[in-house]
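In each ligand, atom 1 is the first atom listed, and ligand 1 is the first ligand listed.
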Amino acid sequence: MITPTCRRLLAGLVSAALAGSAAAQTPASYAQPTAVQRTDPMFVDGQATLARLMARKTRTGRAKNVILFIGDGMGPSTVTAGRIYEGQSRGVDGESNLLSFERLPHLALQKTYSTDSQVVDSAASASAMMTGVKTRNGVMGLTGAPRKGDCLASRGAEVATLAEIARAAGKSTGAVTTARLTHATPAAVYAHSAHRDWEADADLSPEAAAAGCRDIARQLVESPRGSRLNLAMGGGRARFLPQAGGGRRRDGRDLIKAWRAGPRSTYVADALQLNALRPGAQDHVLGLFDADHLPYELDRPASGSTVPSLSQMTAKAIDLLSADRDGYFLMVEAGRIDHASHANNAARTLSETAELSRAVATALGKVDLDDTLVIVTADHSHGLTISGYPPRNNPILGLATDEDGPGTADRKAYTTLTFATGPGGTKEGRDNPADDTTAAKSYQQSALVPLSSAAHAGEDVAIYADGPQAHLIDGVVEQSYLFHLMRYALGLDRPAPGVRSLR
Ligand SMILES: [Zn+2]
C-alpha cells in the first residue's frame, strides 16, 4: 500500500532526479563528491568519524580493572530513543545526539537466549555474563542442569562467578544497582541460587528451606571472607532486616548487623553517609538506600535527596575500589530501565537510560583506559518500538502522526514509542493518545498484547567497550562470552601463584 507519506517521499525523489538531469553536470563530474556534498553536515560528520576510528587505539595489555555496566532491559530501540530523549532534554538535536557509551569505539552484539528459553530473564542473562556458561531462566550461579526452584539438584551445579575469581586473585569486587541488591542482576555477581526470588528467607519454598538452601541476602553477607564483595550498594534493605525490625526476614536475623561485624566492614544508609566514606578506611562497604528498589531518577528530588543517584554511587564505588593496588572488578546496573518498560512507561525507561549514560560518563572521567576495561551492555531487550514518520525533532514521547493525520484504520493517533506487550494493551478498542499528555512522566504507552507486565524481547543487544582488550568485543557473540573476555583481560585465566581455587 502506498501511504501519503510514501507518496510524498517518492515525489521528492522524482523531482530531485529531474533537477539533477536538468543541471549541466555530466556523469564525469560525479567522480568525486560535489561541492554541496562536501559541505553537508553529515559529510563532515562522516569524515570526522572515519578519522576518529582510524586513530583508535588497540590496547593489547592486561586490564588492572574491569567495570561492567548493565542497562537492564536496554535493547537497541531503547538506546536510540534514549539518545533522542537525552538530547531533547538538554535542548540539543536528539536524533544526532549520542549517549556517553555510544562513543566507545568497540562494539559487538550478544545473543541472549538461555538454556531453556528463546527470551532470557535477568537472572539467566547476568549469570551467563558472570560465569561464562548459560543457565535456565530464573537461575543464577549454576549450570543449566537443575530445574528452577530445585534446591537439591542445585548441589554440585555451582559455577564460579567472575567476582569470586577476581577476589580469589586478590582484587577488590563490587556491585552497584538501582534495584534491590538481592535482585537478579546484582545477585548473579555473588550468589548461586536455583530461584531468583529467594531473596530473603521468607521467600524460600518450604522444600528449599528444608533442603538447606540459603537465601540471596544471606549469601551476600555470609560468603567467606575470601569471596565476600568489597562493595555492595543499592536498594532492598527489607531483605536484610528481621520482621521485628521492619524487614521481611522471618529468621530474626539482622544481616546489616552481621555485615558490620565483619572485619573492617561499614554500612551506610543514605547519600550523606556514602559521601563521607574515605578510600582505604574500610575493606567492605554495604550501602542500602531504600527498603525496596531505589526510586526512579524522575522521582528522586533534584537536590537534597537522601538516596544517591546511579552516577553518585558509581563515582564513590570507583573511588573506594581504586584504593586496592591489585585492581578491581565492578558491576554497575541501571536496574530500573527494565521496570519502567515492564510498565510500558517510556518516560521513565528513557530517563533511567539517560542516567546510565551519565554514570558511564562519570566513570570514563575517573578511570585510565590504559588500565581499565569499561564495558556497557544490556542483559536483554524489551518490546519497545520506534515507529511511524514523526517529523524531525518531534518530541520522542510525542505522537507519531505526521501532517497527513494519523493514517490509521481507527482514525486514532498513536505515539512514536509503543510496546509489543504489557499493561498498555487493551482487549477493547485502544485509547486515542491525542487525548492524553503523552510526555507526562507516568504516561503509559500502548501495547499490542495486553499483559499485566510487559514481556522481555529476544533480539540481540549491543556491547560497547573501550580499554585493554576492548578490540575483542567484536562480531556476534554468545552472552556467556563476556565472562571469557573479562577474565582474559584481567589476566585471571591463569591461576595466580599461591592462590588456591575456591572450588
Ligand atoms: Zn525484566
Side-chain angles (χ1 to χ4, degrees), residues 68-79 81-82 110-130 134-140 148 175 177-189 191 193 195-199 203 216 234-236 239 292-297 310 331-353 355-356 376-385 417-425 444-445 447-462 479:
L68 173 66
F69 287 92
I70 300 177
D72 199 309
M74 186 179 69
S77 56
T78 299
V79 174
Q110 54 159 317
K111 298 189 281 177
T112 60
Y113 67 93
S114 64
T115 58
D116 66 348
S117 178
Q118 281 181 338
V119 179
V120 80
D121 86 311
S122 292
S125 57
S127 189
M129 293 189 265
M130 287 300 121
K134 293 203 177 194
T135 188
R136 293 174 190 258
N137 275 11
V139 172
M140 70 216 22
K148 179 183 174 187
T177 179
T178 48
R180 294 191 297 269
L181 256 177
T182 47
H183 207 242
T185 309
V189 175
S193 182
H195 204 305
R196 59 177 283 172
D197 291 346
W198 295 346
E199 296 184 51
D203 306 317
I216 292 167
R239 264 71 181 177
D292 198 357
H293 301 306
L294 301 190
Y296 286 110
E297 189 58 23
L310 186 65
M331 190 288 300
V332 178
E333 184 205 22
R336 308 216 64 197
I337 298 171
D338 176 66
H339 300 162
S341 285
H342 278 299
N344 287 164
N345 180 202
R348 289 188 178 85
T349 297
L350 303 186
S351 62
E352 294 297 303
T353 304
E355 177 55 22
L356 172 62
V376 184
T377 188
D379 52 352
H380 57 77
S381 185
H382 254 286
L384 179 74
T385 61
L417 302 179
T418 55
F419 286 84
T421 65
Q444 185 178 65
Q445 268 68 19
L448 171 68
V449 177
L451 271 187
S452 62
S453 169
H456 295 170
E459 68 268 22
D460 299 349
V461 295
Q479 188 152 45

Asks: Got a sec: is D121 within less than 2.8 Å of the Zn ion (ligand 1) via an N/O/S atom?
Replies: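 No, since none of the N, O or S atoms of D121 sits under 2.8 Å from the Zn ion (ligand 1).
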
Asks: Under 3.5 Å, side chain of K134 to main-chain N/O of Y113, donor-acceptor pair present?
Replies: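 A pair under 3.5 Å: yes.
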
Asks: Which is the closest N/O/S atom of H342 when seen from the Zn ion (ligand 1)?
Replies: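 Nearest to the Zn ion (ligand 1) within H342's N, O and S set: NE2.
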
Asks: Quick check: does H456 put an N/O/S atom under 2.8 Å from the Zn ion (ligand 1)?
Replies: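 Of the N, O and S atoms in H456, at least one lies under 2.8 Å from the Zn ion (ligand 1), which means yes.
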
Asks: Treating S77 as the side-chain partner and L384 as the backbone partner, does any N or O pair qualify as donor plus acceptor under 3.5 Å?
Replies: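 Here the side-chain-to-backbone pair exists.
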
Asks: Given side chains that start at C-beta, do those of H382 and H456 come closer than 4.5 Å, heavy atoms only?
Replies: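 In short, these two side chains touch, coming nearer than 4.5 Å.
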
Asks: Within the side chain of S193, is there an N or O that forms a donor-acceptor pair under 3.5 Å with the backbone of M140?
Replies: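 Such a contact is absent between S193 side chain and M140 backbone.
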
